[in-house]
Each structure stands twice: as C-alpha cells, then as structure tokens.
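Comments concern the structure below.
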Amino acid sequence: MAASPKIRRDFFNRSVHRVAPELIGATLLVDGVGGVIVEVEAYHHTDPAAHSYTGRTERNAVMFGPPGAAYVYRSYGIHWCLNFVCEAEGSASAVLIRALEPTEGLAPMRRRRGLSDERALCSGPGKLCQALGVSIKHNGLVLDRAPFELRARQHKPEIVIGPRIGISKAVDHPWRYGMKGSKFLSKPFKT
DNA sequence: TATGAGATCAACT
DNA sequence: GTTGATCTCATAC
C-alpha cells in the first residue's frame with residue numbers, strides 16, 4: 001500500500017469549515033495507535049457553543065494559539081476530548097474529533113477501553129481519547145510531530161453533514177461532518 | 001429501541 | 001452554586 005503523505009500543520013491554516021470535512025478519511029495515530037477519522041465537528045469563536053466564545057481563559061488558551069495544535073480538555077469531569085486548532089493564531093477555532101474507525105493498535109485500544117467490540121472503541125470523543133491514551137499531557141502539542149501522526153486520505157470519501165451533538169447552544173448549525181455509511185460513528189446521521 | 005440517572009470536576013457566573 | 005463539545009448502565013416498552 002502506497003504511503004499516504006503526512007498532513008503538515010499548515011493544513012489547518014484555513015477556515016474550520018474547510019478543514020473539518022477534509023479531515024474525514026484521514027488517518028490519526030497517537031504513538032502508533034489510532035485509525036481513520038470518520039466524524040468531526042467544527043467550532044468557531046463566533047459560535048455560542050464554542051469554548052472560545054466568551055474569550056480566552058486558561059483552559060482554552062491553546063485554541064487562541066497557532067493552528068495545527070491539539071486542544072485537549074476534560075469533559076463532565078471524567079472524559080477527555082481532542083480538538084485540532086484551525087484557521088489562524090487568535091481566531092480560536094477548532095475541530096472536535098468525534099469518532100475513528102480503529103485500524104492500528106487494536107490490542108492496546110481494547111486493553112485501555114476494557115472492551116472487545118471494535119465498533120465501540122472510538123465511536124465518541126471521550127471513548128476515542130481513552131482508546132488512544134490522549135490526555136491533558138497532549139494539550140498544546142503540534143500535530144505533525146510525535147506522538148501524533150496524521151496521514152492524508154487517498155480518496156475523497158462521501159461526506160454527510162448534520163447538526164452537532166451534545167450541546168445546548170446553536171444546536172441548529174450543521175457543523176457535524178461524517179463519513180457516509182461508516183459503522184463507527186458516535187451516532188447515525190439523519191439523511 | 002428509548003429514556004434517564006449517576007459519575008465527577010474544572011471552569012464559569 | 002451551576003454547568004457541561006460524555007459514557008455507561010439500568011429500567012421501561
């Protein structure tokens with residue numbers, strides 16, 4: 001199989017709404033463990049649902065930094081969520097990685113998750129971070145250097161679009177992107 | 001299949 | 001003091 005080109009950090013130097021759909025089908029690895037991105041959501045600083053909406057704080061400082069970095073935060077006190085910073089320094093936009101199709105390092109993922117069901121390993125932002133071992137240690141790290149590895153997709157997949165999940169503000173913005181027909185989505189898309 | 005509650009904590013008001 | 005960009009398990013249908 002031909003090696004896919006690595007995604008460099010300048011890939012993220014564009015609008016989240018352009019970056020997000022292009023991430024579908026790309027491969028994300030952390031320490032060699034990961035898979036194909038099948039679901040993401042876009043967050044923009046003008047968006048009431050975004051952490052950056054009310055301005056820079058200690059938690060979201062990475063979002064205000066240069067694109068191509070990972071923004072990791074704790075959700076509901078227990079889970080971690082992984083975002084990729086986009087656009088430009090200070091624009092405070094990011095793409096939330098919501099689901100992966102596991103392809104590399106199945107054994108460590110199953111061990112970390114305590115599950116054997118492949119479909120449940122990475123089908124949600126909290127699950128995905130647990131399976132890949134992502135935590136606050138990764139906050140602020142750039143995505144084109146170890147332990148991260150991002151590889152571009154070979155072919156453009158069919159993309160489905162819908163409203164975002166688990167938020168209470170700006171719920172109608174269709175800023176959730178998924179790979180059509182994937183069995184590894186956190187929730188099915190209404191088509 | 002669907003709905004609901006509990007876990008658990010840092011940031012925010 | 002309240003609220004989540006969530007997940008899992010239990011109970012109901």
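A quick note: this is a predicted structure, and the numbers were derived from the prediction, not measured. Chain identifiers are assigned alphabetically (A, B, ...) following the order of the sequence lines, protein sequences preceding nucleic acid strands; residue numbering begins at 1 within each chain.
Mapping Y43(A) and Q130(A) onto DNA chain C by nearest heavy atom places Y43(A) closer to the 5' end of the strand.
Between the CG atom of D117(A) and the C1' atom of dC7(C) there is a distance of 14 Å, given to the nearest Å. L121(A) places its CG atom 19 Å from the P atom of dT6(C), with the value rounded to the nearest Å. Rounded to an integer number of Å, the gap from I136(A) CD1 to dT8(B) P is 19 Å. L128(A) has its CG atom 13 Å from the C1' atom of dC7(C), to the nearest Å. Taking atom CG of residue N139(A) and atom P of nucleotide dA5(C), one finds them 16 Å apart after rounding to whole Å. What separates NZ of K187(A) from C1' of dA5(C) is a distance of 12 Å, to the nearest Å. Rounding to whole angstrom units, CG of residue L115(A) and C1' of dC9(C) are separated by 13 Å. Following rounding to the nearest Å, L185(A) (CG) and dA5(C) (C1') show an atom-to-atom distance of 17 Å.
Under the 3.5 Å distance criterion, with hydrogens and angles disregarded, a donor-acceptor pair is assigned to the side chains of R113(A) and Q130(A). Counting only N and O atoms by type, the side chains of S182(A) and E101(A) include no donor and acceptor under 3.5 Å apart.
Listed nucleotides dA11(B), dT8(C), dA5(C) differ in distance to T57(A); the shortest reach to its side chain belongs to dA11(B). When the nucleotides dT8(C), dA5(C), dC12(B) are ranked by their closest atom to the side chain of N60(A), dC12(B) comes out on top. For L96(A), whose side chain is taken as the heavy atoms from C-beta onward, the closest listed nucleotide among dC12(B), dA5(C), dT8(C) is dA5(C). Comparing dA11(B), dA5(C), dT8(C) against the side chain of M63(A) picks out dA5(C) as the nearest.
Across F64(A), Y43(A), Y73(A), a single residue satisfies ring-ring contact (aromatic ring centres under 6.0 Å, His included) together with H51(A), and that is Y73(A).
Of all heavy-atom pairs between F12(A) and P67(A), the closest is O-CB, 3.7 Å.
Looking at heavy-atom distances under 4.0 Å, R164(A) makes no contact with the nucleic acid at all.
For F148(A) and H138(A), the ring centers are positioned less than 6.0 Å apart.
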Next on the checklist: For a side chain to side chain contact (heavy atoms under 4.5 Å, CB included) check, start with the C-alpha distance between M109(A) and E118(A), then their side-chain angles and the critical distance, and finish with the verdict.
Outcome noted: CA-CA 9 Å; M109(A) 285 195 261; E118(A) 202 173 304; over 6 Å; no
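In the region residues 68-92 of chain A, proximity to DNA chain B at under 4.0 angstrom, judged on heavy atoms, holds for Y76(A), G77(A), I78(A).
Contact annotation: R113(A) does not reach the phosphate of dC7(C) (side-chain N/O to OP1 or OP2, under 4.0 Å). Taking 4.0 angstrom as the limit, K169(A) places none of its side-chain polar atoms (N or O) nearer than this to OP1 or OP2 of dA5(C). Side-chain nitrogen and oxygen atoms of R59(A) include none within less than 4.0 Å of the OP1 or OP2 phosphate oxygen of dA5(C). Proximity of S186(A) to the phosphate of dT6(C): no side-chain N or O atom is located under 4.0 Å from OP1 or OP2.
Hydrophobic clustering, with ILVMFWY side chains joined whenever heavy atoms are under 4.5 angstrom apart, keeps V40(A) apart from V85(A).
The pairing partner recorded for dT8(B) is none, the criterion being a Watson-Crick or G-U wobble arrangement whose two distances lie under 3.5 angstrom. The partner of dA5(C) is absent, by the rule that a Watson-Crick or G-U pair needs both atom distances under 3.5 Å.
Between W175(A) and H17(A), the two ring planes are tilted [angle within 30° to 60°].
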